Amino acid sequence: MTGEGGRRPDPLERADDVARAMRDLDRRAFLPPDQRPHAQEDRPLPLGHGLTCSQPSTVATMLRRLHVPVGARVLDVGSGSGWTTALLARLVGPRGEVLGLELDPGLAQWGAGNLAATRQPWARIEPATPGILGREVPGGWSRVLVSAAAPRLPDALLRQVADGGRVVLPVRTTLWVVERRGETFVHRRLGSYAFVPLR
């Protein structure tokens, strides 16, 4: 996928875009009131129901490794408070599309309200379907972000990625980036991280 004017986006430029998006979209606005004083701390913060808002350095790493192009169609699995969905929306811009899925209906509703406050109508958060990981769309997703740890690489989700697309996701305690090249999936380890389990 190319950027504006047909030019392929420079990954370093997109990395800078991640930093700008994180400055513009304050994590504080996506936290429960009792956690807002801790918004600047680089650690996971509880959202209730055993779920957390991931620490900023981890989110930044995942977004940079996802290499999100302007205009991309992105799936955000485990959208939680809506912060990652809002950040992805900022990266894809108005010509893109972001769908956040959250299994907890109450959290999905709260996250959707937080996202709506950012005024990015090309992004939305919906409740996930119990027992089904992700959501299939015609042509597949160009990028997929997963913010909870799967017990193994989820083949059903990888098949929802478009040819040339990429997924960043944790499996147990290892963060992976997976790129689809036709019917081949290329896997790379990104290091060890702690995430809540994918339900």
Side-chain angles (χ1 to χ4, degrees), residues 1 11 14-15 18 21-22 27 30 42-69 72-88 91-92 98-104 107-108 111 125-137 139-199:
M1 186 173 292
R14 298 308 297 165
V18 169
M22 295 184 77
R27 185 190 191 202
F30 297 86
D42 191 32
R43 62 183 178 92
L45 294 174
L47 298 174
H49 308 282
L51 303 175
T52 63
C53 178
S54 297
Q55 67 190 73
S57 61
T58 300
V59 172
T61 295
M62 295 176 77
L63 293 177
R64 287 178 175 132
R65 294 294 187 163
L66 198 58
H67 294 178
V68 182
R73 176 194 259 183
V74 184
L75 178 65
D76 184 20
V77 177
S79 55
S81 68
W83 188 41
T84 52
T85 309
L87 291 168
L88 288 164
L91 293 173
V92 304
V98 182
L99 172 63
L101 294 177
E102 174 53 53
L103 189 59
D104 185 291
L107 187 56
I125 292 175
E126 298 177 359
T129 303
I132 297 178
L133 185 57
R135 184 170 297 172
E136 293 188 14
V137 292
W141 301 97
S142 51
R143 297 290 187 272
V144 177
L145 180 71
V146 182
S147 297
R152 64 191 64 84
L153 283 169
D155 290 339
L157 182 63
L158 298 183
R159 293 287 171 186
Q160 297 174 30
V161 180
D163 187 13
R166 120 181 348 215
V167 183
V168 171
L169 78 164
V171 177
R172 296 184 181 173
T173 60
T174 301
L175 192 61
W176 293 82
V177 58
V178 182
E179 297 180 68
R180 182 169 190 172
R181 300 174 185 172
E183 293 305 308
T184 300
F185 294 89
V186 180
H187 311 75
R188 283 185 290 133
R189 296 173 186 260
L190 299 179
S192 296
Y193 293 81
F195 286 85
V196 297
L198 184 65
R199 297 178 296 164

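Please read all numbers here as calculations on a predicted model, not as lab measurements. These numbers come from the heavy atoms of this one structure, side chains and all, not from hydrogens, waters or symmetry mates.
- Residues I125 and A108 come closest through the heavy atom pair CG2-O, 3.7 Å.
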Check the pair L91, V74 against side-chain contact (heavy atoms from CB on, under 4.5 Å), reporting the backbone distance first and the verdict last.
CA-CA 10 Å; L91 293 173; V74 184; over 6 Å; no

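- Expressed to the nearest 0.5 Å, how far CZ of R172 lies from CG of L153 amounts to 10.5 Å.
- Checking side-chain atoms of S142 against main-chain N and O of G165 turns up no donor-acceptor pair under 3.5 Å.
- The CG atom of L103 sits 11.0 Å away from atom CD1 of I132, with the distance rounded to the nearest 0.5 Å.
- Using the six-membered ring where Trp is involved, F30 and W83 have ring planes that are tilted, between 30° and 60° apart.
- Between the side chain of R180 and the backbone N or O of F185, no donor-acceptor pair lies under 3.5 Å.
- R135 pairs by the salt bridge (Lys or Arg N to Asp or Glu O under 4.0 Å) definition with E126, not counting sequence neighbours.
- Closest non-hydrogen pair, E102 versus G78, comes out as OE1-C, 3.7 Å.
- Within a 6.0 Å sphere centred on CZ of R43, heavy atoms belonging to other residues, nucleotides or ligands number more than 12.
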Using side-chain contact (heavy atoms from CB on, under 4.5 Å), reason through L66 and L88 one step at a time and then give a plain yes or no.
CA-CA 10 Å; L66 198 58; L88 288 164; 3.9 Å; yes

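- Closest non-hydrogen pair, T85 versus G100, comes out as OG1-CA, 3.9 Å.
- Minimum heavy-atom separation, C53 to S81: SG-OG, 4.3 Å.
- When the options R166, H67, M62, R189 are evaluated for a side-chain contact (heavy atoms from CB on, under 4.5 Å) with V177, the one that passes is R166.
- Side chain of D76 to main chain of S79: no donor-acceptor pair is present (N/O by atom type, distance under 3.5 Å, no hydrogens or angles).
- Considering only heavy atoms from C-beta on, L99 comes within 4.5 Å of W141 through its side chain.
- Side-chain contact between L75 and L157 is present, with heavy atoms from C-beta onward closer than 4.5 Å.
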side-chain contact (heavy atoms from CB on, under 4.5 Å) between L45 and R27, worked out:
CA-CA 10 Å; L45 294 174; R27 185 190 191 202; 3.6 Å; yes

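- Proximity of P154 to L169: side-chain heavy atoms (C-beta onward) are separated by under 4.5 Å at one or more points.
- Atom CG of residue L190 and atom OG1 of residue T61 lie 8.5 Å apart, to the nearest 0.5 angstrom.
- Each side chain to side chain donor-acceptor pair (under 3.5 Å) pair with one or both residues in residues 154-163, not counting sequence neighbours, appears once here: R159-E183.
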